[in-house]
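Quick note: residue numbers are just sequence positions, from 1. As the structure lists them, so they are numbered: ligands from 1, and atoms in each ligand from 1.
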Amino acid sequence: MAIVIDGKATADSVIDAVNQASAMLEERRGAKPGLAVIIVGDDAASHAYVNSKSKMARECGFNSVQHTLPVETTQQELAALVTSLNDDPSIHGILVQLPLPKHLNSESIIQSILPEKDVDGLHVVNAGKLAAGDLETGLVSCTPAGAMVLVRRTHGGDLSGLNAVVIGRSNLFGKPMAQLLLNANSTVTIAHSRTKNLPAICRNADILVAAVGHPEMVKADWVKPGATVIDVGINRVPAPEKEEGKTRLVGDVAYEEIKTIAAAITPVPGGVGPMTIAMLMANTVIAAYRAAGEKPPLPGFW
Ligand code: GUN
């Protein structure tokens with residue numbers, strides 16, 4: 001039976017380290033780390049995510065600022081807000097919640113964030129630094145950074161000789177995850193919707209990371225016995241067994257059948273999910289220390 005990787009407990013330990021680092025910075029410099037989160041429109045799920053990010057930032061002792069903009073916000077108005085936050089020395093991290101309403105061009109907004117304030121790790125400068133193996137001066141996208149902490153907790157920092165397969169090739173997750181795994185010396189395959197023989201490729205993985213957005217798509221016969229399985233999916237599905245009209249969350253892997261085959265697996269909820277917000281807090285404290293010309297006192301475990 002697989003070890004269940006406890007993302008909540010790991011996230012709590014990251015948050016403890018962030019809290020201490022934040023308090024030390026304030027004590028020495030009189031300045032709190034500042035995180036600005038921008039949300040445009042009224043998508044309920046996005047509002048729930050953003051509220052939990054802002055709340056956690058307050059709990060970490062940050063200067064937490066939330067900009068809630070109406071759906072009719074123009075590109076110019078949003079760009080002007082990003083510029084003012086870029087210029088504000090009390091703000092060290094800027095996050096624009098995605099997706100933006102369709103009439104807005106998210107790419108130009110993301111690329112207008114100063115790379116040193118890009119706590120989402122989406123700016124091309126940060127993506128480039130990760131691709132070049134520079135984890136010292138860049139910022140890494142939060143979900144892959146969090147998934148990598150869970151991999152390291154299971155395997156240690158050196159993944160030499162291990163095959164890793166990432167299913168999914170997005171800029172937000174798949175590509176940076178593959179770079180982190182490569183940086184830790186594993187042999188990495190990126191699979192995606194056009195990949196042939198996906199189950200056979202997955203069966204080769206010592207570390208299998210699924211970010212496909214399809215409920216329970218990865219089945220037991222896709223998994224090598226003894227593998228570590230990291231499930232990045234969060235899918236809401238009907239749960240008539242609870243009560244008519246009720247729903248439940250499932251990942252991208254068929255957890256119940258895979259937990260008897262894998263050596264370690266992340267649950268959904270309670271696996272990668274809690275790590276994303278924890279790593280956003282870590283990135284903000286890292287950005288604040290760098291802005292003060294100091295080395296962040298956090299373990300470089302991602
Ligand atoms: N929407 C869903 N996940 C994310 C994320 O990690 N960052 C941003 N900015 N938007 C998201």
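Looking at ligand 1, you won't find any N or O of Lys53 less than 3.5 Å from one of its N or O atoms. Not a single N or O atom of Leu172, backbone or side chain, sits closer than 3.5 Å to an N or O atom of ligand 1. Ligand 1 has a nitrogen or oxygen under 3.5 angstrom from a nitrogen or oxygen of Leu98.
Looking only at heavy atoms of the protein, atom 9 (N) of ligand 1 is closest to Asp120 OD2, 2.4 Å.
Atoms of ligand 1 lying under 4.0 Å from at least one heavy atom of Val96, given by number and element, are 8 (C), 9 (N).
In this structure, the side chains of Ser193 and Arg169 come closer than 4.5 Å at one or more pairs of heavy atoms.
For the side-chain contact (heavy atoms from CB on, under 4.5 Å) criterion with Cys202, the lone passing option out of Ile167, Val218, Thr189 is Ile167. When Val125, Leu122, Leu139, Thr137 are each tested for a side-chain contact (heavy atoms from CB on, under 4.5 Å) with Pro115, only one passes: Val125. Screening Asn183, Leu135, Ile286 against Val140 for a side-chain contact (heavy atoms from CB on, under 4.5 Å) leaves a single residue, Leu135.
Rounded to the nearest 0.5 Å, atoms CG (Asn126) and CD (Glu116) are 9.0 Å apart.
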